[in-house]
Amino acid sequence: GLGSEKITDGGFDDPSAWLALEGAVVEDGLGKFPTAASNCFIIAGSIVPTTVAAYVLRYDVVSTNGGTLQLAGGNSAFATQSIPSSAGTHSIVLASNGTKTNLQFKGNQSFVGSIDNVSLREVQNVGTINGPAIQADGGTELVVNGDFSNGTTSWTAAANTGTAAISISSGKLRVTSSTPYSYAYQ
């Protein structure tokens, strides 16, 4: 499940709830990057606890020039990374770094556009990984034949293009293919 909302003003209705730097502005119910300035930031400060956790970030890109939008900056709770900047609603899963507390959008010298409806919620009760077993919290094993004791039973080979084959070698699943991006799944 998802925890409580970390953003108090995801709709940008209160400019004082956000810190806009180097040309970025919060106005008209939007977080705007009107120019491609090098350190153009829109920041929600002190909202992420200093523990490592998974989060779902959801936001709308209302207008865009197609440039690079990032999460970045010295006090960002998340690693520097490019995030989707095409028009529309985007949801991404992020891992916090456990040391910083801000959500920091950066225009990265190329993004000109606006964002709205920002939501950040911690992913909770997602399960535990224990060796080859994955369990939902309070539940039962979700992966069948995760230790490969029954060969490739319950596993299927797949490839983006071409074909793939699977085998077990020294207790490990091996995927072979003549094309990239091949994998096995259940």
Rounded to the nearest 0.5 Å, what separation is found between the [atom1] atom of [X] and the [atom2] atom of [Y]?
| X | Y | atom1 | atom2 | answer |
| --- | --- | --- | --- | --- |
| L69 | C40 | CG | SG | 10.0 Å |
| D116 | D13 | CG | CG | 8.0 Å |
| I166 | L173 | CD1 | CG | 5.5 Å |
| K106 | F33 | NZ | CZ | 10.5 Å |
| S76 | K100 | OG | NZ | 10.0 Å |
| L71 | Q104 | CG | CD | 9.0 Å |

How close do [X] and [Y] get, heavy atom to heavy atom, and via which atoms?
| X | Y | value |
| --- | --- | --- |
| T51 | S96 | O-OG, 2.9 Å |
| E122 | A53 | OE2-CB, 3.6 Å |
| P34 | A24 | CD-CA, 4.1 Å |
| I42 | K32 | CD1-N, 3.5 Å |
| W18 | A44 | CZ3-CB, 3.5 Å |
| A158 | A164 | O-CB, 3.5 Å |

* Please step through side-chain contact (heavy atoms from CB on, under 4.5 Å) for the pair I92 and L94, ending with a clear verdict. => CA-CA 6 Å; I92 56 176; L94 307 164; 3.8 Å; yes
Answer yes or no: is there a donor N or O on one side and an acceptor on the other, between the side chain of [X] and the main chain of [Y], under 3.5 Å?
| X | Y | result |
| --- | --- | --- |
| T68 | S110 | no |
| E5 | L120 | yes |
| S177 | T163 | yes |
| D28 | L30 | no |
| D9 | P15 | no |
| D14 | S16 | yes |
| N97 | A79 | no |

With a 3.5 Å cut-off and sequence neighbours excluded, list the donor-acceptor pairs that the side chains of residues 56-63 form with protein atoms.
residue, atom, partner, partner atom, Å
R58, NH1, S91, OG, 3.3
Y59, OH, P84, O, 2.6
D60, OD1, T89, OG1, 2.6
D60, OD2, N117, ND2, 2.6
S63, OG, S114, N, 3.2
S63, OG, S114, OG, 2.9

* Asked: Is the centre of the F105 ring less than 6.0 Å from the centre of the F111 ring?
  -> no
* Asked: Do T101 and N75 pass the side-chain contact (heavy atoms from CB on, under 4.5 Å) test, and can you show the C-alpha distance, the side-chain angles, and the key distance before you say yes or no?
  -> CA-CA 7 Å; T101 61; N75 288 315; over 6 Å; no
* Hey, any chance I83 and V93 share a hydrophobic cluster, counting ILVMFWY side chains that come within less than 4.5 Å of each other, even indirectly? -> no
* To do: Kindly work out whether a path of hydrophobic side-chain contacts (I/L/V/M/F/W/Y, heavy atoms less than 4.5 Å apart) joins I7 to F78.
  => yes
* Asked: What do the steps show when you test I47 against N102 for side-chain contact (heavy atoms from CB on, under 4.5 Å), and what is the final call?
  -> CA-CA 6 Å; I47 61 165; N102 292 350; over 6 Å; no
* Asked: Among side-chain atoms of S38 and E22, is any donor-acceptor pair under 3.5 angstrom?
  -> no
* Output, in order, the C-alpha distance, side-chain angles, deciding distance and verdict of side-chain contact (heavy atoms from CB on, under 4.5 Å) for F12 and V25. => CA-CA 10 Å; F12 295 99; V25 293; over 6 Å; no
